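Below is one structure, written out as structure tokens, with a few remarks after it.
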2 protein chains.
Amino acid sequence: MYICPMYSKELLKGTLKTIILKLLSENDRMYGYQITQKVKEITEGKINLTEGALYPALHKLEADGLLTTEKIEVGNRIRKYYTLTQSGNSSAKEKVEELVDFMETLKAIINISPQKLAWS
Amino acid sequence: MYICPMYSKELLKGTLKTIILKLLSENDRMYGYQITQKVKEITEGKINLTEGALYPALHKLEADGLLTTEKIEVGNRIRKYYTLTQSGNSSAKEKVEELVDFMETLKAIINISPQKLAWS
DNA sequence: TTATATACATAAGAAATAGATGTATATTTG
DNA sequence: CAAATATACATCTATTTCTTATGTATATAA
């Protein structure tokens with residue numbers, strides 16, 4: 001899969017798990033590839049998750065008890081569906097709230113006027 | 001220095017250089033400690049930069065030619081002032097724009113009401 | 001038949017940061 | 001006056017996170 005991220009990938013750091021949890025909180029269950037496609041669709045191609053980032057993240061969330069999995073055979077292929085656990089659900093809410101709050105704080109830095117920034 | 005970041009530090013990853021460049025674009029020159037204090041002030045204590053992150057980032061930006069430095073002796077202490085170069089200035093504009101754009105894209109994913117995050 | 005899409009995954013290395021530690025002076029407070 | 005806190009620089013180790021590359025396999029479209 002060729003990846004062409006619009007943003008310097010740095011910015012995505014730290015937001016991946018929040019994105020995953022948010023998507024799963026709106027969909028009963030999703031599988032990895034579906035998540036990459038959904039993110040691409042929602043962001044109009046601006047964010048493309050790589051497998052090397054996605055799968056370890058999913059495994060970590062599962063190991064932390066936020067997700068459960070079920071394997072479904074579709075044709076001859078296996079799909080691994082991920083579903084939020086109860087604690088995954090509350091964690092999703094927390095992380096999204098935190099992200100919104102963080103973005104509001106970033107706005108404060110980005111929107112400062114020269115006057116406001118004067119050192120005393 | 002004891003650090004008590006309000007946000008899971010993960011989120012800050014990738015935004016540090018943009019924050020530094022933005023602050024320097026609004027101030028002719030700043031020194032490291034001043035940057036930490038300014039960020040703390042603007043964000044009402046929500047973001048506290050650690051020295052372990054700040055100084056390597058400043059050194060990297062300098063090595064990349066985006067900043068120049070001058071050492072000023074204040075009393076018996078040395079302050080190292082950082083100033084944007086020309087390319088640092090345009091880089092600041094680019095990175096801030098990119099961050100704004102990225103946050104808009106994130107909004108699409110977390111699907112918050114436009115009013116709440118409205119720019120202006 | 002060849003490329004692209006679907007679908008999972010790991011492994012090596014880079015990059016960024018936390019947290020601890022170190023050095024030194026200045027100022028405030030009990 | 002002694003102790004704590006603030007100012008001011010910096011480095012180092014360990015950890016986390018992600019990129020990039022690679023691997024396996026089937027299905028479909030050109």
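Quick caveat: nothing in here was measured; it's all calculated off a predicted structure.
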(request) Start with the C-alpha gap between Glu97(B) and Lys93(B), add the side-chain angles, then the distance that decides, and say whether salt bridge (charged side-chain N to carboxylate O under 4.0 Å, His left out) holds. (result) CA-CA 6 Å; Glu97(B) 240 176 87; Lys93(B) 285 196 187 74; over 6 Å; no
For [X] and [N], give me the distance from atom [atom1] to atom [atom2], rounded to whole Å.
{"X": "Leu49(A)", "N": "dT17(D)", "atom1": "CG", "atom2": "C1'", "answer": "14 Å"}
{"X": "Glu51(B)", "N": "dA20(C)", "atom1": "CD", "atom2": "P", "answer": "12 Å"}
{"X": "Met30(A)", "N": "dC8(C)", "atom1": "CE", "atom2": "C1'", "answer": "16 Å"}
{"X": "Glu73(B)", "N": "dT25(C)", "atom1": "CD", "atom2": "P", "answer": "12 Å"}
{"X": "Glu70(B)", "N": "dC9(D)", "atom1": "CD", "atom2": "P", "answer": "13 Å"}
{"X": "Ile35(A)", "N": "dA9(C)", "atom1": "CD1", "atom2": "P", "answer": "11 Å"}
{"X": "Arg79(A)", "N": "dA25(D)", "atom1": "CZ", "atom2": "C1'", "answer": "15 Å"}
{"X": "Ile78(B)", "N": "dA10(D)", "atom1": "CD1", "atom2": "P", "answer": "9 Å"}

(message) Are Ile72(A) and Tyr31(A) linked, directly or through intermediate hydrophobic residues, by side-chain heavy-atom contacts shorter than 4.5 Å (ILVMFWY only)?
(response) yes
Would you tell me if any nitrogen or oxygen in the side chain of [X] comes within less than 4.0 Å of OP1 or OP2 on [N]?
{"X": "Lys60(B)", "N": "dA15(C)", "result": "no"}
{"X": "Asn76(A)", "N": "dA27(D)", "result": "yes"}
{"X": "Thr50(B)", "N": "dA18(C)", "result": "yes"}
{"X": "His59(A)", "N": "dC8(C)", "result": "no"}
{"X": "Lys17(A)", "N": "dT17(D)", "result": "yes"}
{"X": "Tyr55(B)", "N": "dT11(D)", "result": "no"}

(message) Can a side-chain donor-acceptor contact be found between Glu62(B) and Thr69(B) if the only test is distance below 3.5 angstrom?
(response) yes
(message) Need to verify one output field. Residue with the more 5' nearest nucleotide on DNA chain D, Gly75(A) or Ala57(A)?
(response) Ala57(A)
(message) Given dA18(C), dA8(D), dC18(D), identify the nucleotide with an atom nearest to the side chain of Ala53(B).
(response) dA18(C)
(request) Choose from dT17(C), dC9(D), dA9(C) the nucleotide whose nearest atom is closest to any side-chain atom of Lys80(A). (result) dA9(C)
(request) Give one of base, sugar-phosphate or nothing for Gly52(B), where a contact means two heavy atoms less than 4.0 Å apart. (result) base
(request) Report which part of the nucleic acid Arg77(A) touches: base, sugar-phosphate, or nothing (heavy-atom distance under 4.0 Å, all strands). (result) base
(message) One thing to verify: whether Lys80(A) and Glu70(A) come together as a salt bridge, which I'm taking to mean a side-chain N less than 4.0 angstrom from a carboxylate O.
(response) no
(request) Considering only NZ, NE, NH1 and NH2 on the basic side and carboxylate oxygens on the acidic side, decide whether Lys22(B) and Glu26(B) come within less than 4.0 Å. (result) yes
